[in-house]
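Read through the structure below, which is laid out as structure tokens, and then see the notes.
Basis for what follows: all heavy atoms, side chains included, without hydrogens, waters or symmetry-related copies. Just so you know, ligand 1 is whichever comes first in the structure, and atom 1 is the first atom listed for that ligand. Remember, predicted model here, so these are calculated numbers, not experimental data.
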Amino acid sequence: MVLTKTADDISSMRVRGAGRIARTAAAALQEYGASLDCKTLAAFTGEMEKAAEILCGTRPTAVSLPNAVRYVMQGVRRAATLEDAQRALNDRAAEFIRESYAAVEKIAEIAARQIPDDAVIMTHCNSEAAIACIVRAHQQGKVREVYATEVRPRNQGYITIQMLSDAGIPVNFIVDSAARMFMPKVDLVITGTDAVTANGAVVNKIGTSQIALCAHEARKSFIVAAETYKFAPRTILGERIPIEWRPAEEVTGSERKLPAHVTVKNPAFDVTPPAYVDLIVTEIGAFAPSYAPVVIRDHLGWDISEFQKDYAYSHHYGE
Ligand code: RUB
């Protein structure tokens, strides 16, 4: 029950944003494990593997999801007894959730040092990590105002302006296509990310790459706030991050006014090349995108042999 509800919440975007998706999946595994009445380790592991696969199939782009699931499931996979597996599942899920919140705090602390006095900041989509950075700088008295985009078609920008306004930060709400017009007025752009690939590219809400391009053109810093579990280990093997394509109705509304032969394309994310990313701020430090493989190998601790065993992305959307 908890599992199907969580899977549905994530795929329908009632739970959204890469960090929240990851924490919610970890909590669902924990709760599901506690509800099982298995008599053997093999039965328990089998049930948990099925649960892990269901959760990993809900949204394809946010790599935080398989990374969280892998972290939690490692406790089950390495356990020698049923009791060990149950305890490890519970402990690792709690640890992941705790560390995830702590990572956002640390990122905010580090990123705030990058924000100059009287800063004008642009952000896109709704990222807890990016907003934490802006709020921290605001608490230090450094933020003059923020430009927040609308984020068609799902309008996550409304959540962002609410959060920034609640924190007492002056916000200018702009349509996505106004980003270039306002870029000369901003000092820097901060966004979150759903995935950072082995070459340091940043996969985030559709429109991010256009904003990064405008920032580059206007010589403004483009900073990405990314917990280390947003780095995508399997991209080291050349695997690509699948871009989620969502239903046409999100763009057209249910009363479609388009000619019947017209197709609607609705990719939810795009890829910003590393050349347009000035800095990636993680809980272990701020660095250039070229550092991404080091994070994957040394910090996430992925060993090449593990790649073969873990989950492949199960969805391929769109083109
Ligand atoms: C959300 C989005 C966010 C990242 C990072 O997309 O693109 O920028 O997930 O968010 P969606 P956070 O609304 O489609 O899930 O920093 O909160 O993890």
Discussion item. Please check if the number of heavy atoms outside K142 that lie under 6.0 Å from its NZ is greater than 12.
Written reply: yes
Tabulation required: pairs of a nitrogen or oxygen in ligand 1 and a protein nitrogen or oxygen under 3.5 Å; columns are atom names and distance to 0.1 Å; otherwise 'none'.
unit_1: ligand 1; atom_1: 7 (O); unit_2: D194; atom_2: OD1; d: 3.1
unit_1: ligand 1; atom_1: 7 (O); unit_2: N204; atom_2: OD1; d: 3.0
unit_1: ligand 1; atom_1: 7 (O); unit_2: K205; atom_2: N; d: 3.4
unit_1: ligand 1; atom_1: 8 (O); unit_2: N204; atom_2: OD1; d: 2.7
unit_1: ligand 1; atom_1: 9 (O); unit_2: A18; atom_2: N; d: 2.8
unit_1: ligand 1; atom_1: 9 (O); unit_2: D194; atom_2: OD1; d: 2.8
unit_1: ligand 1; atom_1: 13 (O); unit_2: R16; atom_2: NE; d: 2.4
unit_1: ligand 1; atom_1: 13 (O); unit_2: R16; atom_2: NH2; d: 3.2
unit_1: ligand 1; atom_1: 13 (O); unit_2: Q156; atom_2: NE2; d: 2.8
unit_1: ligand 1; atom_1: 14 (O); unit_2: R59; atom_2: NH1; d: 3.3
unit_1: ligand 1; atom_1: 14 (O); unit_2: R59; atom_2: NH2; d: 2.9
unit_1: ligand 1; atom_1: 14 (O); unit_2: K205; atom_2: NZ; d: 2.7
unit_1: ligand 1; atom_1: 15 (O); unit_2: G17; atom_2: N; d: 2.9
unit_1: ligand 1; atom_1: 15 (O); unit_2: R59; atom_2: NH1; d: 2.8
unit_1: ligand 1; atom_1: 16 (O); unit_2: S127; atom_2: OG; d: 2.7
unit_1: ligand 1; atom_1: 16 (O); unit_2: E128; atom_2: N; d: 3.3
unit_1: ligand 1; atom_1: 16 (O); unit_2: A129; atom_2: N; d: 3.1
unit_1: ligand 1; atom_1: 17 (O); unit_2: E128; atom_2: N; d: 2.8
unit_1: ligand 1; atom_1: 18 (O); unit_2: A18; atom_2: N; d: 3.4
unit_1: ligand 1; atom_1: 18 (O); unit_2: G19; atom_2: N; d: 2.7
unit_1: ligand 1; atom_1: 18 (O); unit_2: K230; atom_2: NZ; d: 2.9

Return all side-chain donor-acceptor pairs below 3.5 angstrom for residues 283-292, not counting sequence neighbours, or 'none' if the list is empty.
unit_1: E283; atom_1: OE1; unit_2: T228; atom_2: N; d: 3.0
unit_1: E283; atom_1: OE2; unit_2: T228; atom_2: N; d: 3.4
unit_1: E283; atom_1: OE2; unit_2: T228; atom_2: OG1; d: 2.5

Worksheet item: More than 12 foreign heavy atoms under 6.0 Å from CZ of R180: is that the case here?
Response: no
Practice prompt. State, to 0.1 Å, how close S12 and R154 come at their nearest heavy-atom pair, and which atoms those are.
Written response: O-NH2, 3.7 Å
Could you pull out all donor-acceptor pairs under 3.5 Å where a side-chain atom in residues 207-215 meets a protein atom, sequence neighbours excluded?
unit_1: T208; atom_1: OG1; unit_2: N204; atom_2: ND2; d: 3.0
unit_1: T208; atom_1: OG1; unit_2: K205; atom_2: O; d: 2.5
unit_1: S209; atom_1: OG; unit_2: D270; atom_2: OD2; d: 2.9

Worksheet item: With sequence neighbours excluded, what pairs up with T81 under the side chain to side chain contact (heavy atoms under 4.5 Å, CB included) test?
Response: E83, D84
